[in-house]
Amino acid sequence: MEKLFIRKLALLNYLNKTIVKKSELIFIAIMGLGMSLIMTLVITYINTGMDSEYINRWFKAWLAGFPIAVVASAIVAPIAKKITKKFTS
């Protein structure tokens, strides 16, 4: 009975860690998406103005910016969390 309980606890612990990892990955993807959308929309507008080709230029810029923003989010998010914990603890 005790071994079964320990196995269930180990399984719950594993599932909890897996869910946390998935939520962190989703968070990073959403942050990268949001950052890249806003940044490329604004920067493309500042650099080239608004005309009939604006959406095409923006989309090209976003395709380049999205992976960069995701990698940046993956690097910065854990650091920001640690700094936030230091300020709020």
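Here the closest heavy-atom approach between residue P67 and residue A64 is recorded as CD-O, 3.5 Å.
Atom OH of Y54 has more than 12 heavy atoms from other residues, nucleotides or ligands within 6.0 Å.
Pairs of residues two or more places apart, or lying in two chains, that qualify as salt bridge (charged side-chain N to carboxylate O under 4.0 Å, His left out) and include a residue from residues 41-69 are D51-R57. For residues 27-37, the set of pairs meeting the salt bridge (charged side-chain N to carboxylate O under 4.0 Å, His left out) definition, not counting sequence neighbours, is empty.
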Would you give me the side-chain donor-acceptor pairs under 3.5 Å for residues 25-42, sequence neighbours excluded?
residue: S36; atom: OG; partner: G32; partner atom: O; Å: 2.8
residue: S36; atom: OG; partner: L33; partner atom: O; Å: 3.0
residue: S36; atom: OG; partner: W62; partner atom: NE1; Å: 2.9
residue: T40; atom: OG1; partner: S36; partner atom: O; Å: 2.5
residue: T40; atom: OG1; partner: L37; partner atom: O; Å: 3.4
residue: T40; atom: OG1; partner: W58; partner atom: NE1; Å: 2.9

Would you be so kind as to tabulate the donor-acceptor pairs closer than 3.5 Å made by side chains of residues 72-89, with sequence neighbours excluded?
residue: S73; atom: OG; partner: A69; partner atom: O; Å: 2.9
residue: T84; atom: OG1; partner: A80; partner atom: O; Å: 2.7
residue: T88; atom: OG1; partner: T84; partner atom: O; Å: 2.8
residue: S89; atom: OG; partner: K85; partner atom: O; Å: 2.6

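I68 pairs by the side-chain contact (heavy atoms from CB on, under 4.5 Å) definition with nothing, not counting sequence neighbours.
Under the 4.5 Å side-chain heavy-atom criterion for ILVMFWY residues, no single connected hydrophobic cluster contains both I43 and I55.
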